Trainee: 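Below is a structure I'd like to ask you about.
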Amino acid sequence: MSVQTLDFSYTQDRELSWLRFNERVMEEARDESVPLFERLKFAAIFTSNLDEFFMIRVGSIYDLTLIKQTHVDTKSGLTPAQQLAAIFQAVGPLYKQRDKLMAQLETRLRTCNICNLTVQELDVKERKQCERYFRDYVLPILSPQVVDAHHPFPHLPSKTLNIAVSLKRDGESCFGIVPIPKSVPAYLKLNERGLRYVLIEQLVLEYVGDIFDQYAVESKAVISVTRNADISPEDEDYDVNDDYRQHMRKVSKALPAGPRPPGGPGERQRRPGVPPVGAPASEP
């Protein structure tokens with residue numbers, strides 16, 4: 001039976017169906033009857049699910065668009081390019097809903113004196129603490145890079161945080177990239193009352209002008225790249241079990257046993273001299 005003769009009224013695209021499932025996860029985060037921290041967990045699960053979705057499913061569909069032979073999904077009758085267009089159309093509103101939900105949860109957390117702050121919201125004393133911490137413990141281990149005609153765009157590892165900057169000097173524009181090191185804590189706890197903290201990427205974003213001090217900063221943003229995990233869509237185990245983590249466990253078991261060097265995957269090393277989260281920075 002050819003694809004043209006199939007009746008798609010009883011079936012649906014697997015990827016769009018999965019997105020609707022993940023939307024139900026976000027609905028748990030919206031539920032006012034769920035405890036606040038549990039709502040945060042559901043919001044985090046929603047986001048990590050989407051990361052895996054793009055790494056595995058969207059990555060596999062994109063690979064199919066590179067094949068000369070036309071592939072048509074037997075459940076929806078869509079080509080890979082049509083599937084991608086439908087996915088991108090469906091995902092945009094989901095991210096907007098997630099951002100709106102997180103803003104609501106952040107507001108609720110602030111009533112409990114748990115505050116995720118930007119540098120602009122800090123008082124004078126807190127700003128001084130942040131500036132000392134940045135200059136003493138963060139700035140020395142940053143590796144800023146300028147992207148121009150002589151320096152190609154660097155490879156950004158998947159799901160890592162980076163500061164992207166639009167720069168200008170002597171009438172010429174270029175870009176700057178500042179990777180956020182994994183060796184620093186994710187946030188800086190402030191010394192004031194309650195649990196008040198600043199994310200490290202927001203700290204670097206605030207002082208990025210000091211990093212590229214020979215340039216004028218035109219715009220800046222925190223970015224992250226989610227890369228194709230490169231698991232073949234023809235992998236029978238993945239297709240049947242629908243769980244790439246089981247696939248990766250099998251791959252890891254097949255690797256030869258032996259000593260691993262320190263600082264490998266799963267071992268987050270703290271750079272000597274970087275204090276624990278919330279430790280006050282020393283006076284200059």
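Below, each value reflects all heavy atoms present in this structure, side chains not excepted, and no hydrogens, waters or symmetry copies. The structure displayed is predicted, hence computed values, not measured ones.
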Trainee: Could you tell me which residues satisfy ring-ring contact (aromatic ring centres under 6.0 Å, His included) with F134, sequence neighbours excluded, listed by chain and number?
Mentor: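 Partners of F134 by the ring-ring contact (aromatic ring centres under 6.0 Å, His included) criterion, ordered by chain and then number, come out as Y207.
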
Trainee: Do other residues, nucleotides or ligands put more than 12 heavy atoms under 6.0 Å from E172 CD?
Mentor: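 Not more than 12 within 6.0 Å, no.
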
Trainee: Take E131 and K128 through the test salt bridge (charged side-chain N to carboxylate O under 4.0 Å, His left out) and record every step on the way to the result.
Mentor: CA-CA 5 Å; E131 184 175 358; K128 288 182 178 179; over 6 Å; no

Trainee: Below 4.5 Å, heavy atoms only, C-beta onward: do L16 and I87 meet side chain to side chain?
Mentor: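 Yes, side chains in contact.
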
Trainee: Can you tell me how far the CD atom of Q145 sits from the CG atom of L156, to the nearest 0.5 Å?
Mentor: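 Spacing of CD (Q145) from CG (L156) equals 8.0 Å.
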
Trainee: In Å, rounded to the nearest 0.5 Å, how long is the span from OG1 of T107 to CE of M102?
Mentor: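 Reported to 0.5 Å precision, the distance equals 10.0 Å.
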
Trainee: Just wondering, are more than 12 heavy atoms of other shown residues or ligands nearer than 6.0 Å to CD in Q120?
Mentor: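 Correct, the count exceeds 12.
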
Trainee: Ignoring hydrogens and geometry, is there a side-chain-to-backbone donor-acceptor pair from T65 to P80 under 3.5 Å?
Mentor: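 Not at all, since once roles are kept as given, no pair shorter than 3.5 Å links the two residues.
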
Trainee: Taking the basic N atoms (NZ, or NE/NH1/NH2) and the acidic carboxylate oxygens, is any pair closer than 4.0 Å for R24 and E27?
Mentor: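 Salt bridge absent between R24 and E27.
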
Trainee: Look up atom CG in N228 and atom OG in S60, then write down how far apart they are to the nearest 0.5 Å.
Mentor: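 Between N228 CG and S60 OG, I get 6.5 Å after rounding to 0.5 Å.
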
Trainee: Same hydrophobic cluster for I45 and L36, using side-chain heavy-atom links shorter than 4.5 Å among ILVMFWY?
Mentor: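 As far as the 4.5 Å side-chain criterion goes, L36 and I45 are connected within one cluster.
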
Trainee: How many angstroms lie between CD in E23 and CG in L50, if you round to the nearest 0.5 Å?
Mentor: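 Between atom CD of E23 and atom CG of L50 there are 10.5 Å.
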
Trainee: Which atoms form the tightest heavy-atom contact between R39 and V34, and what is the distance?
Mentor: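 For R39 and V34, the tightest heavy-atom pair comes out as CD-O, 3.3 Å.
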
Trainee: Treating Ile, Leu, Val, Met, Phe, Trp and Tyr as nodes and any side-chain heavy-atom pair under 4.5 angstrom as an edge, say whether I211 and F175 lie in one connected cluster.
Mentor: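 No, it is not one cluster - the side chains of I211 and F175 are not joined through contacts under 4.5 Å.
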
Trainee: Are S183 and Y137 packed together at the side-chain level, in the sense that at least one heavy-atom pair is separated by less than 4.5 angstrom?
Mentor: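 No; the side chains remain at least 4.5 Å from each other.
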
Trainee: Could you give the distance from CZ (F21) to CE (M26), rounded to the nearest 0.5 Å?
Mentor: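 Answer for the CZ-CE pair, F21 versus M26, is 12.5 Å.
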
Trainee: Search all heavy atoms of Y187 against all heavy atoms of I200 and return the closest pair with its distance.
Mentor: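 Here Y187 and I200 meet closest at N-CG1, 3.8 Å.
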
Trainee: I'd like to know if W18 and Y62 are part of one continuous hydrophobic network [Ile/Leu/Val/Met/Phe/Trp/Tyr, side-chain heavy atoms within less than 4.5 Å].
Mentor: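 Y62 clusters together with W18.
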
Trainee: List the steps, then state whether side-chain contact (heavy atoms from CB on, under 4.5 Å) holds for N113 with C115.
Mentor: CA-CA 6 Å; N113 210 13; C115 305; 4.3 Å; yes

Trainee: For F54 and F88, take the angle between the two ring planes, folded into 0 to 90°, and tell me which bin it lands in: parallel under 30, tilted 30 to 60, perpendicular over 60.
Mentor: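 Judged by the thresholds at 30° and 60°, the geometry between F54 and F88 is parallel.
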
Trainee: Below 30° counts as parallel, above 60° as perpendicular, anything between as tilted: where do the rings of F212 and Y215 land?
Mentor: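 Ring orientation, 0 to 90° scale: perpendicular.
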
Trainee: Check the hydrophobic clustering (I, L, V, M, F, W, Y; side-chain heavy atoms under 4.5 Å; chains of links allowed) and say if L19 and L84 are grouped together.
Mentor: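 Same cluster: L19 reaches L84 through Ile, Leu, Val, Met, Phe, Trp or Tyr contacts under 4.5 Å.
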
Trainee: Counting N and O atoms only, with roles assigned by atom type, does the side chain of D123 sit under 3.5 Å from a partner on the main chain of K125, one being a donor and the other an acceptor?
Mentor: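 Yes, the answer is positive, given that a donor and an acceptor are paired below the 3.5 Å cut-off.
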
Trainee: Compute whether any side-chain donor of one residue and acceptor of the other, for Q104 and R30, lie under 3.5 angstrom apart.
Mentor: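 Not at all, the side chains of Q104 and R30 share no donor-acceptor pair under 3.5 Å.
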
Trainee: Mark yes when over 12 heavy atoms from residues, nucleotides or ligands other than F53 sit less than 6.0 Å from its CZ; otherwise mark no.
Mentor: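 Count over threshold, so yes.
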
Trainee: Please confirm whether the backbone N or O of N191 pairs with a side-chain atom of Q129, one donor and one acceptor, at under 3.5 Å?
Mentor: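 Here the side-chain-to-backbone pair exists.
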
Trainee: Taking all heavy atoms of P154 and all of V147, pick out the closest pair and write down the distance.
Mentor: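 In this case the closest contact between P154 and V147 is CD-CG2, 3.8 Å.
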
Trainee: Between T118 and E121, does any side-chain donor sit less than 3.5 Å from a side-chain acceptor?
Mentor: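 Yes - a donor-acceptor pair under 3.5 Å links their side chains.
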
Trainee: Specify the closest pair of heavy atoms between A29 and A43, including all atoms of both residues, with the distance to one decimal.
Mentor: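 The pair with the smallest heavy-atom distance is CB-N, 3.9 Å.
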
Trainee: Report the C-alpha distance between V119 and R127 in whole Å, list the side-chain angles of each, state the deciding distance to 0.1 Å, and finish with yes or no for side-chain contact (heavy atoms from CB on, under 4.5 Å).
Mentor: CA-CA 7 Å; V119 177; R127 272 180 170 269; 3.8 Å; yes

Trainee: Do any N or O atoms from the side chain of R57 and from the backbone of E52 form a donor-acceptor pair under 3.5 angstrom?
Mentor: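 Such a contact is absent between R57 side chain and E52 backbone.
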
Trainee: Would you find a donor on one side and an acceptor on the other, under 3.5 Å apart, between the side chain of N22 and the backbone of F46?
Mentor: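 Between the backbone of F46 and the side chain of N22 there is a qualifying donor-acceptor contact (under 3.5 Å).
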
Trainee: Apply side-chain contact (heavy atoms from CB on, under 4.5 Å) to L122 and L117, showing your working.
Mentor: CA-CA 7 Å; L122 306 181; L117 303 170; 3.6 Å; yes

Trainee: Run V217 and K168 through side-chain contact (heavy atoms from CB on, under 4.5 Å) and show every step you take.
Mentor: CA-CA 7 Å; V217 176; K168 194 167 188 177; over 6 Å; no

Trainee: Of all the heavy-atom pairs spanning I61 and E15, show the shortest one and how long it is.
Mentor: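 Nearest heavy atoms, I61 then E15: CD1-CG, 3.5 Å.
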
Trainee: Please check if the side chain of Q82 supplies one atom and the backbone of T79 the other of a donor-acceptor pair under 3.5 Å.
Mentor: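 Yes, because the side chain of Q82 sits within donor-acceptor range (under 3.5 Å) of the backbone of T79.
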
Trainee: Taking atom CG of L161 and atom CD of Q202, what is their separation to the nearest 0.5 Å?
Mentor: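 One gets 10.0 Å once the value is rounded to the nearest 0.5 Å.
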
Trainee: Does one hydrophobic cluster hold both V178 and I141, with members joined at side-chain heavy-atom distances below 4.5 Å?
Mentor: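 V178 clusters together with I141.
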
Trainee: Shortest non-hydrogen contact from L142 to P181?
Mentor: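 That closest heavy-atom pairing would be CD2-CD, 3.6 Å.
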
Trainee: Between L195 and L190, is any pair of side-chain heavy atoms under 4.5 Å apart?
Mentor: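 Side-chain contact under 4.5 Å: no.
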
Trainee: Would you say S158 and V225 make side-chain contact, with heavy atoms under 4.5 Å?
Mentor: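 SC-SC contact between S158 and V225 ruled out.
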
Trainee: Is atom NE2 of H150 surrounded by more than 12 heavy atoms (other residues, nucleotides or ligands) closer than 6.0 Å?
Mentor: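 Open.
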
Trainee: Would R196 and E126 satisfy salt bridge (charged side-chain N to carboxylate O under 4.0 Å, His left out), going step by step from the backbone distance to the final call?
Mentor: CA-CA 10 Å; R196 295 164 60 86; E126 291 172 331; 2.8 Å; yes

Trainee: Report yes or no: does K220 contribute a side-chain atom to a donor-acceptor pair with the main-chain N or O of V165 at less than 3.5 Å?
Mentor: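 No; judged by distance alone, with no hydrogens or angles, the pair does not exist.
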
Trainee: Closer than 3.5 angstrom, by distance alone: can the side chain of S48 be matched with the main-chain N or O of A44 as a donor-acceptor pair?
Mentor: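 Yes.
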
